[in-house]
Amino acid sequence: MVLSAAGIRFPIWAQAGTSVAGAGRLLLGVDYYPDQTPEALWEEDSRMMAEVGFTNVRIAEFAWALMEPAEGKFDFAWLRRAVEILHKHNISVILGTPSAAPPPWLMVRYPDVVEVNAQGERLHPGGRRFTCPTNQVYRRLSLSIANAMAREFADTTGVIGWQIDNELTLSSSQRCYCNFCQAGFQAWLRSKYGSLDNLNKSWGTVFWSQTYTDFSQIPVPLPSGGDPNPGLALDYDRYQSYANVSFQEEQLVMLRKTCPHHFVTTNNVGLPLDTIDLRSLYEKLDFVAFDNYPGFFEMLLHQEANGPISPDTIPANIALGHDFARSIKGGKPFMIMEEQSGKAGQRTFSPQPEKGQVRLWTHQAVAHGAMGVNYFRWDTATFGAEEYWHGILNHDRSKSPGYVEIKQAVGELKALGPEVLNSNYAADAALVFDYDCSWAVKIQPGHHALSYMAQVTSWYGAISASHTGIDVIAPGADLAPYKIVFAPVVYVLSEAQASKIKSFVQGGGMFVTNFRLGVKTESSQIVRTPLPGPLRDVMGVTVADYVPIYSAKQGVKFSSAFAGPDGQCGIWADILQPSGAEVLGSYTSGEHAGEAAITMNSFGKGKAVYIGADLDAGSLSRVLRTLSATSGVKQPFDVPPGVELTVRKSGDKQWIFLLNHTSVAQTVSIPKPLTDLLTKEAYSGTIELRGYGVRVLS
Ligand SMILES: [Zn+2]
């Protein structure tokens with residue numbers, strides 16, 4: 001019911017009308033490794049999983065060596081026994097194809113399949129994810145094991161779907177630069193450009209004597225004497241993304257044919273870490289699935305910042321990932337394939353989830369549009385590279401601190417029922433995320449501290465603090481459903497996107513953007529017109545100059561529209577010359593004192609806002625929240641800092657999620673009497689949330 005109503009391929013197990021795993025077709029499960037667990041424990045594990053209330057497991061995604069101990073010799077007997085025992089306890093199975101971890105025999109026989117990193121060094125066997133996405137031999141062998149699995153389990157009762165591979169590109173090297181990829185890149189370029197004349201013009205290869213007279217001469221962007229051509233480098237990112245997507249699609253085509261009754265997806269690590277265009281990756285899959293590790297993010301960001309990070313950062317980062325996952329398929333519910341259940345890490349541990357956080361993260365995912373959650377992992381490995389990655393059972397098989405919370409969350413989601421998991425997420429605001437901009441800024445940031453991802457994250461944090469529903473959309477998306485569209489660092493701007501922005505503003509929408517707008521064409525050439533290129537009329541400004549800032553702090557004085565103290569300009573200043581736009585902020589010192597830093601232009605029935613200065617976090621938040629309010633976007637009611645408010649709707653029904661991301665109790669004033677659907681208690685006036693507490697209100 002949940003899957004079909006969400007527009008997702010309807011598997012036979014759901015059509016049959018029988019309750020799968022006793023849970024009415026919900027996907028509330030756990031990632032399980034029978035391949036790493038003594039067979040004598042499978043029965044006990046399955047019984048305990050059923051006690052938690054789990055409906056499904058994901059298994060086998062790293063078990064290639066056991067399933068194909070020698071080339072072409074398959075052994076699925078152990079896996080079949082595991083599936084049968086799980087099914088006996090009403091636990092359904094999502095099977096993972098194992099191409100993320102090839103067995104040692106394969107590496108000895110086919111050593112050329114290894115990935116080559118950005119320094120031109122070959123990776124080595126011994127870990128995982130060290131193979132090339134282009135290599136035809138590796139593709140053939142990956143397809144062969146996946147095909148053997150599919151034929152074995154196509155009609156096996158209890159098997160419901162597939163996860164292809166595991167976390168594509170999450171490797172020590174995010175791109176492969178091997179000879180096979182070079183040949184693949186050349187073929188891809190031939191198809192894209194048709195002729196060398198087109199390619200040479202598009203990249204401007206006359207610079208540094210790089211004119212190509214044969215496609216076979218085109219290199220990959222490995223270290224050279226000076227940086228690569230920006231057009232070549234951007235196309236290489238696009239090619240590598242394509243190569244991974246097409247690697248996956250070979251398995252998908254086979255699974256569709258062999259297992260027409262099963263759903264197919266893959267898991268990825270979500271927006272901040274990913275290097276593949278996930279919109280392409282999930283285009284032909286049934287639903288988006290991704291892995292959610294808030295504590296792991298905290299550990300990584302702590303390392304980057306070399307110290308503690310702002311407490312708001314993690315909840316906003318995670319919410320951004322959820323909103324992106326939901327938006328990839330136009331609002332269709334997504335699944336968390338791996339949800340953090342304890343400390344996580346390989347060499348070091350992430351922070352221990354505090355009491356209540358695992359349950360909170362579960363409800364946060366549902367609040368943003370998840371239809372299912374699988375926790376990582378059932379038991380904690382006592383061997384291998386992820387001994388530190390804690391599961392629901394500890395090393396000694398005692399129940400972890402997360403066990404009770406997960407059991408509670410699973411019970412709560414079952415009690416809420418499939419309707420909420422199938423409801424819509426209402427968004428009046430959109431944030432544009434563009435892979436071209438992300439990759440092009442990484443290739444030429446302009447300022448060493450400019451990060452597209454950091455800009456998107458800080459904008460999302462500022463906007464989401466208004467508790468406004470936000471979709472995270474592609475540059476070519478339809479803007480008409482939104483009142484306000486935010487688009488930071490639109491460094492690469494196509495004519496088509498510019499035209500959509502123009503129509504949106506003309507029709508009455510508010511478009512908000514910032515510095516480095518419209519600098520480059522899709523070929524990564526800088527436009528020959530004054531900036532902001534094709535959007536000069538919409539924005540009502542010309543960029544008189546652009547200034548990377550390294551030393552003296554530049555101030556910004558706001559007009560009454562953004563009443564408040566002066567702001568600070570960080571690493572970048574676009575100096576704006578209005579040609580019709582109203583000035584809402586000016587630079588306060590230095591050569592450009594008094595010149596425009598922020599402008600708003602009336603265009604058609606709408607407004608276009610240009611934030612030329614890289615504003616400090618407080619000023620950016622004030623500006624974006626003021627603009628949101630001006631655009632007519634409303635939040636249901638005020639909540640204290642650290643509390644998140646989201647709404648899912650279905651017809652006349654709505655579910656209001658209150659999520660306390662702080663460790664202390666919070667009191668929220670509610671505008672009308674509401675009932676907590678988890679406790680059935682009725683409230684009016686105010687409602688209490690304990691530290692890391694959750695309320696689902698109606
Ligand atoms: Zn390669």
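In this chain, residues are counted from 1 in sequence order. Just so you know, ligand 1 is whichever comes first in the structure, and atom 1 is the first atom listed for that ligand.
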For Tyr293, enumerate each residue passing the ring pair (Phe, Tyr, Trp, His ring centres under 6.0 Å) test, keeping only those at least two apart in sequence or located in another chain. Trp389
Hey, which protein N/O/S atoms does the Zn ion (ligand 1) have under 2.8 Å? Cys132 SG, Cys176 SG, Cys178 SG, Cys181 SG
Heavy-atom count around Glu495 CD within 6.0 Å, excluding the residue itself: above 12? no
With sequence neighbours excluded, tell me which residues meet ring pair (Phe, Tyr, Trp, His ring centres under 6.0 Å) with His302. none
My understanding is that only residues two or more places apart in sequence, or in another chain, count here; which of them pass side chain to side chain contact (heavy atoms under 4.5 Å, CB included) with Phe383? Gln36, Glu387
Report yes if the side chains of Met453 and Leu320 come closer than 4.5 Å at any heavy-atom pair, otherwise no. yes
Please assess Tyr242 against Trp188 for the test side chain to side chain contact (heavy atoms under 4.5 Å, CB included), listing each intermediate value before the final yes or no. CA-CA 9 Å; Tyr242 158 82; Trp188 182 85; 3.5 Å; yes
